[in-house]
Amino acid sequence: MVNQNLTATEIGFTHEDFAALLDKYDYHFSPGDIVPGTVFSIEPRGALIDIGAKTAAYIPIQEMSINRVDAPEEVLQSNETREFFILTDENEDGQLTLSIRRIEYMRAWERVRQLQAEDATVRSGVFATNRGGALVRIEGLRGFIPGSHISTRKPKEELVGEELPLKFLEVDEERNRLVLSHRRALVERKMNRLEVGEVVIGTVRGIKPYGAFIDIGGVSGLLHISEISHEHIDTPHSVFNVNDEVKVMIIDLDAERGRISLSTKQLEPEPGDMIKNRDLVYDKAEEMAAKYREQLLAKQQGVTAEVPVEVLAEEDIPPATEEEEDIPPATEEEDIPVAVAEDIPAAIEAIAEDIPAAIED
């Protein structure tokens, strides 16, 4: 029979020794760490998580997902083990605050950077519009499509709920900017079926001082004023009207910028025919385009034949995106969790009162 009256000296191991042993092997947790944890208890507005610390850590419902969560059970289940991001250091009760949302943000930015590097086309539904363009979600991040990069005749407001193909223009986690282009995705798809030197029929959709925008099969190409005729033209309005049907030749396909450059000047049998005899230009268009392609091929093969393609001055080209202040951030400021305690937004500090008292193991 075991003698239950043994003293601490006889046992050789005191409560103080046990506490010291715990301290010796206690892990140090820092904000920014990603650690495994097991759901210890689900609360009405959060959950207690066992991450191996002396006190169960807490994850508020606001930090459970990159998306809106109405109940903790939508994300977590009792005894489930998964990764958590340590959002804040211990509070006065020795309790850490955790986040899943921060991990999802990190991985979302990593994914969109990868997609941009692959020059991938993604599809996403428009969930809202504003003065500058339309808003979509990519991997949970809010993306912005500038109005100049929306290629549709619909009013912006009617795009809500519509899924669009998109290409990446800017992925900048540091500046919290995710900018996309619908126009570039359409132009790239169209470009796969177009060639430089090809004659196409289009419709004038807009006229600016620097040129005319021509719709060719659902995408817009620019007929710059310098490419209308060999003769000087004061304004494109003197040659074209909106809704005119025109024959143009493709002189450049810029997939990177989503631009199609067009010309009628290269189709003129004689300089000034676009002004004097447009029908003749259209009748001879294929013949003149064939000569252009021959010159282009000769140039590529090193022959000195010149192809009279004028390079547009950068200032003559419409901007690819709206002004910087019109581009909304990829995440709302209050949605961006931070890794250090002194940078915690007021919204995070406000939930501290809701964190239940630390539960000792």
Side-chain angles (χ1 to χ4, degrees), residues 30-37 59 62-69 74-75 81-87 98-128 132-151 159 161-193 219 253-259 319-322 324 326-340 343:
S30 301
D33 290 347
I34 295 177
V35 296
I59 178 168
Q62 296 95 328
E63 292 300 325
M64 288 187 179
S65 176
I66 201 171
N67 301 310
R68 177 184 173 85
V69 176
E74 295 176 18
V75 178
T81 298
R82 61 176 298 161
E83 288 184 327
F84 295 89
F85 179 92
I86 298 180
L87 187 63
L98 306 179
S99 174
I100 295 171
R101 183 176 62 166
R102 177 62 180 176
I103 295 176
E104 292 180 343
Y105 274 132
M106 293 164 61
R107 291 176 179 167
W109 280 110
E110 181 180 353
R111 178 60 178 153
V112 296
R113 282 194 296 268
Q114 178 185 355
L115 290 169
Q116 182 193 37
E118 296 170 356
D119 196 26
T121 298
V122 297
R123 299 188 68 89
S124 183
V126 175
F127 70 86
L135 300 174
V136 295
R137 293 203 181 277
I138 307 292
E139 298 291 326
L141 300 173
R142 184 171 65 178
F144 177 65
I145 314 171
S148 60
H149 276 265
I150 298 174
S151 220
L159 289 175
E162 185 169 334
E163 189 177 74
L164 303 176
L166 302 165
K167 301 289 282 189
F168 292 94
L169 290 179
E170 183 179 358
V171 175
D172 191 335
E173 181 178 6
E174 185 176 334
R175 298 173 67 195
N176 197 22
R177 288 158 61 99
L178 181 59
V179 187
L180 303 111
S181 173
H182 173 231
R183 184 188 72 191
R184 187 179 157 203
L186 291 183
V187 169
E188 182 180 88
R189 186 166 62 188
K190 184 71 176 178
M191 281 182 181
N192 292 333
R193 302 192 295 270
V219 295
L253 296 169
D254 188 342
E256 182 66 26
R257 294 186 176 185
R259 288 177 180 156
T321 59
E322 302 294 332
E324 186 166 313
D326 290 336
I327 301 177
T331 54
E332 297 286 358
E333 285 300 320
E334 61 269 20
D335 285 345
I336 306 173
V338 289
V340 290
D343 291 335

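The figures here come from the full heavy-atom set of this structure, side chains too, leaving out hydrogens, waters and symmetry mates.
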Problem - Side chains of Glu173 and Tyr105 in contact at under 4.5 Å (non-hydrogen atoms) - result: no
Pairwise distance [atom1]([X]) to [atom2]([Y]) - rounded to 0.5 angstrom:
X: Glu104; Y: Arg111; atom1: CD; atom2: CZ; value: 15.5 Å
X: Leu87; Y: Ile103; atom1: CG; atom2: CD1; value: 10.5 Å
X: Arg137; Y: Leu178; atom1: CZ; atom2: CG; value: 11.0 Å
X: Leu98; Y: Met64; atom1: CG; atom2: CE; value: 10.0 Å
X: Arg184; Y: Ile145; atom1: CZ; atom2: CD1; value: 13.5 Å
X: Asn67; Y: Arg101; atom1: CG; atom2: CZ; value: 10.5 Å

Problem - Side-chain donor or acceptor of Gln116 paired with backbone N/O of Phe168 under 3.5 Å - result: no
Practice task
State whether the side chain of Ser181 and the backbone N or O of Lys167 hold a donor-acceptor pair below 3.5 Å, judged by distance alone.
Solution key: no
Taking all atoms of both residues into account, what is the closest heavy-atom pair of [X] and [Y], and its distance?
X: Leu180; Y: His149; answer: O-CB, 4.2 Å
X: Gly125; Y: Val136; answer: O-CG1, 3.6 Å
X: Arg259; Y: Val187; answer: N-CG1, 4.3 Å
X: Leu159; Y: Val126; answer: O-CB, 3.3 Å
X: Pro165; Y: Ala185; answer: O-CB, 3.5 Å
X: Glu63; Y: Ser99; answer: OE1-OG, 2.7 Å

Problem - Under the side chain to side chain contact (heavy atoms under 4.5 Å, CB included) test, residues paired with Arg193 that sit two or more places apart - result: Arg189, Lys190
Practice task
Show your reasoning for whether side-chain contact (heavy atoms from CB on, under 4.5 Å) applies to Ile100 and Phe84.
Solution key: CA-CA 5 Å; Ile100 295 171; Phe84 295 89; 3.8 Å; yes
Practice task
Tell me yes or no: between the side chains of Glu118 and Gln114, is some donor less than 3.5 Å from an acceptor?
Solution key: yes
Problem - Worked verdict on Asn176 versus Trp109 for side-chain contact (heavy atoms from CB on, under 4.5 Å) - result: CA-CA 10 Å; Asn176 197 22; Trp109 280 110; 3.7 Å; yes
